[in-house]
Visitor: 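Take this structure first; my questions come after.
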Amino acid sequence: MQPAIDQRFQKRIAASLIFLCILLVPLLAFCKELPNTGRVIWVDDGDTFVLANGERVRLVGINCPEKPHGQRPGECFGREATLFAIRLLKNKTVRLEYDKVKRDRYHRLLAYVFLPSGEMANLILVRRGFAHVLTIPPNTKYRPQLLRAQRLALDENAGLWGHCKPEKKEYYYVGSLKSHIFHRPSCKFGHMISSRNIIVFPTRKQAFYQGFAPCRRCKP
């Protein structure tokens with residue numbers, strides 16, 4: 001009977017080691033030394049790219065419309081944002097600057113990305129109308145600069161601001177002063193905003209002008 005007991009014990013040890021490895025892999029990714037520079041070898045879409053060392057980078061503080069993928073049609077100006085990001089970033093050696101939170105839940109680096117010219121790619125995408133400001137605290141380092149760029153793009157109807165219209169206009173929109181997200185009045189997430197954090201916008205443009213980003217569920 002002793003060999004059977006030993007075999008069961010060995011299997012438990014092996015299973016425990018596998019479980020520990022599964023837990024440790026993402027932790028090790030977070031503990032790796034963060035690169036300060038890198039060459040861009042691939043651009044996934046308007047706000048995500050891959051460095052030569054294999055690290056995936058998400059441009060922090062902004063959000064680009066989704067490009068078409070497979071059966072998904074994508075969002076208005078998503079293809080254009082991706083093509084512009086390819087021209088802007090691919091094969092460039094860029095400098096990465098981080099905020100308080102360095103990685104997202106997908107283990108991507110969250111960075112402000114500076115081109116060889118010294119210009120910030122995040123800012124260029126917003127200024128040219130290929131992205132909107134998306135502030136997720138505590139990563140707020142360059143929010144004032146990004147918001148100024150967005151207001152200029154809005155005033156000029158640059159990029160997506162002149163081409164993309166909502167499927168349905170509302171008489172007003174509700175935003176959260178805590179999350180800086182705005183919703184349609186019928187959105188269940190908008191109904192969850194506390195009275196001390198709620199703000200009302202008569203138009204989408206005013207919500208964007210104040211630096212609020214649209215809810216991904218109700219898509220105002």
Side-chain angles (χ1 to χ4, degrees), residues 38-52 54-94 96 104-117 119-136 139 142 145-170 173 180-184 187 203-205 207-209 211-220:
R39 184 171 64 87
V40 180
I41 61 168
W42 182 258
V43 175
D44 285 337
D45 53 29
D47 49 38
T48 309
F49 61 87
V50 182
L51 295 175
E55 288 276 18
R56 296 184 71 230
V57 181
R58 174 68 162 80
L59 295 169
V60 68
I62 71 170
N63 188 61
C64 292
E66 296 292 329
K67 70 176 182 180
H69 182 73
Q71 299 299 315
R72 294 180 298 176
E75 297 174 322
C76 179
F77 234 61
R79 191 187 302 274
E80 291 83 351
T82 300
L83 292 173
F84 182 79
I86 291 171
R87 294 195 300 271
L88 187 68
L89 294 164
K90 194 172 181 182
N91 296 322
K92 304 279 180 62
T93 297
V94 297
L96 308 179
D104 65 10
R105 59 178 174 165
Y106 305 110
H107 314 310
R108 299 177 298 188
L109 292 172
L110 298 173
Y112 304 101
V113 176
F114 292 85
L115 301 169
S117 64
E119 298 174 287
M120 189 202 298
N122 316 53
L123 196 65
I124 293 172
L125 283 157
V126 172
R127 180 65 183 87
R128 296 286 294 273
F130 292 102
H132 65 75
V133 174
L134 175 62
T135 302
I136 301 178
N139 288 357
Y142 286 105
Q145 293 91 325
L146 292 168
L147 185 52
R148 280 197 297 271
Q150 178 161 289
R151 287 171 175 170
L152 289 170
L154 278 162
D155 289 340
E156 296 172 5
N157 285 322
L160 65 90
W161 307 115
H163 289 82
C164 303
K165 306 298 180 186
E167 294 180 6
K168 175 189 172 186
K169 287 187 177 181
E170 303 285 359
Y173 301 86
H180 283 96
I181 301 294
F182 74 97
H183 311 260
R184 295 182 184 276
C187 179
T203 65
R204 290 175 78 248
K205 182 175 180 178
F208 281 113
Y209 210 78
F212 284 69
C215 169
R216 296 185 68 86
R217 294 294 182 90
C218 68
K219 298 181 178 180

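Model, not experiment: these values are computed from the prediction.
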Visitor: Using a strict cut-off of less than 4.0 Å between a Lys/Arg side-chain nitrogen and an Asp/Glu carboxylate oxygen, indicate whether Asp44 and Lys67 qualify as a salt bridge.
Guide: no
Visitor: Can Phe212 and Thr135 be said to form a side chain to side chain contact (heavy atoms under 4.5 Å, CB included), step by step?
Guide: CA-CA 8 Å; Phe212 284 69; Thr135 302; over 6 Å; no
Visitor: Just one of Phe77, Phe208, Phe130 clears the ring-ring contact (aromatic ring centres under 6.0 Å, His included) bar with Trp161, so which one?
Guide: Phe208
Visitor: Do the non-hydrogen side-chain atoms of Ile62 and Leu146 ever get within less than 4.5 Å of each other?
Guide: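 Answer yes - side chains close enough.
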Visitor: For a salt bridge (charged side-chain N to carboxylate O under 4.0 Å, His left out) check, start with the C-alpha distance between Glu66 and Arg79, then their side-chain angles and the critical distance, and finish with the verdict.
Guide: CA-CA 8 Å; Glu66 296 292 329; Arg79 191 187 302 274; over 6 Å; no
Visitor: Distance check, rounded to the nearest 0.5 Å: Asp155 atom CG versus Leu152 atom CG?
Guide: 6.5 Å
Visitor: Let me see the working for Thr48 and Leu59 under side chain to side chain contact (heavy atoms under 4.5 Å, CB included), right down to the final yes or no.
Guide: CA-CA 6 Å; Thr48 309; Leu59 295 169; over 6 Å; no
Visitor: Working to the nearest 0.5 Å, report the span between CG of Leu160 and NE2 of His132.
Guide: 8.0 Å
Visitor: Within the 4.5 Å heavy-atom criterion, are Glu170 and Lys168 side-chain neighbours or not?
Guide: yes
Visitor: State plainly whether the residues Glu156 and Arg128 are in salt-bridge range, i.e. N to O under 4.0 Å.
Guide: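 Salt bridge: no.
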Visitor: Which heavy atom in Val40 sits nearest to a heavy atom in Leu89, and how many Å separate them?
Guide: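 For Val40 and Leu89, the tightest heavy-atom pair comes out as CB-O, 3.3 Å.
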Visitor: State the CZ-OG1 distance between Arg39 and Thr93, to the nearest 0.5 angstrom.
Guide: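 If we round to the nearest 0.5 Å, Arg39:CZ and Thr93:OG1 are 7.0 Å apart.
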Visitor: So which heavy atom on Ala121 is nearest to which on Leu88, and how close?
Guide: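 Heavy atoms only, the tightest pair is CB-CD2, 3.9 Å.
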Visitor: Verify, without hydrogens or angle tests, whether Arg204 (side chain) and Lys165 (backbone) share a donor-acceptor contact under 3.5 angstrom.
Guide: no
Visitor: SG of Cys76 to SG of Cys164, below 2.5 Å?
Guide: yes
Visitor: Once you round to the nearest 0.5 Å, how far does CE of Met120 lie from OH of Tyr112?
Guide: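 These two atoms lie 7.5 Å from each other.
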Visitor: Are Leu110 and Asn139 side-chain neighbours, meaning at least one heavy-atom pair lies under 4.5 Å?
Guide: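 They are in contact (side-chain heavy atoms under 4.5 Å apart), so the answer is yes.
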Visitor: So Leu123 and Tyr142, do their side chains get closer than 4.5 Å, heavy atoms only?
Guide: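 Not touching, per the 4.5 Å side-chain cut-off.
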Visitor: When you measure from the side chain of Gln150 to the backbone N and O of Val133, does any donor-acceptor pair fall under 3.5 Å?
Guide: yes
Visitor: Can you see which heavy atom on Glu119 is nearest to which on Ile124, and at what distance?
Guide: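 Scanning both residues completely, I find the closest heavy atoms to be CB-CD1, 3.8 Å.
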Visitor: So, do Phe49 and Leu51 sit near enough that their side-chain heavy atoms are less than 4.5 Å apart?
Guide: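 Yes. Closest side-chain heavy atoms under 4.5 Å.
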Visitor: Under the 3.5 angstrom rule, does the side chain of Asp104 hit a backbone N or O of Arg108 as a donor-acceptor pair?
Guide: yes
Visitor: What distance separates Ile181 CD1 from Arg216 CZ, expressed to the nearest 0.5 Å?
Guide: 9.5 Å
Visitor: Just how far is it from atom SG of Cys64 to atom CG of Asn122, taken to the nearest 0.5 Å?
Guide: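 Reported to 0.5 Å precision, the distance equals 9.0 Å.
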Visitor: Determine yes or no for a side-chain-to-main-chain donor-acceptor pair under 3.5 angstrom, with Arg151 supplying the side chain and Tyr209 the backbone.
Guide: yes
Visitor: Got Cys215 and Cys187 here, is their nearest side-chain heavy-atom distance under 4.5 Å?
Guide: yes
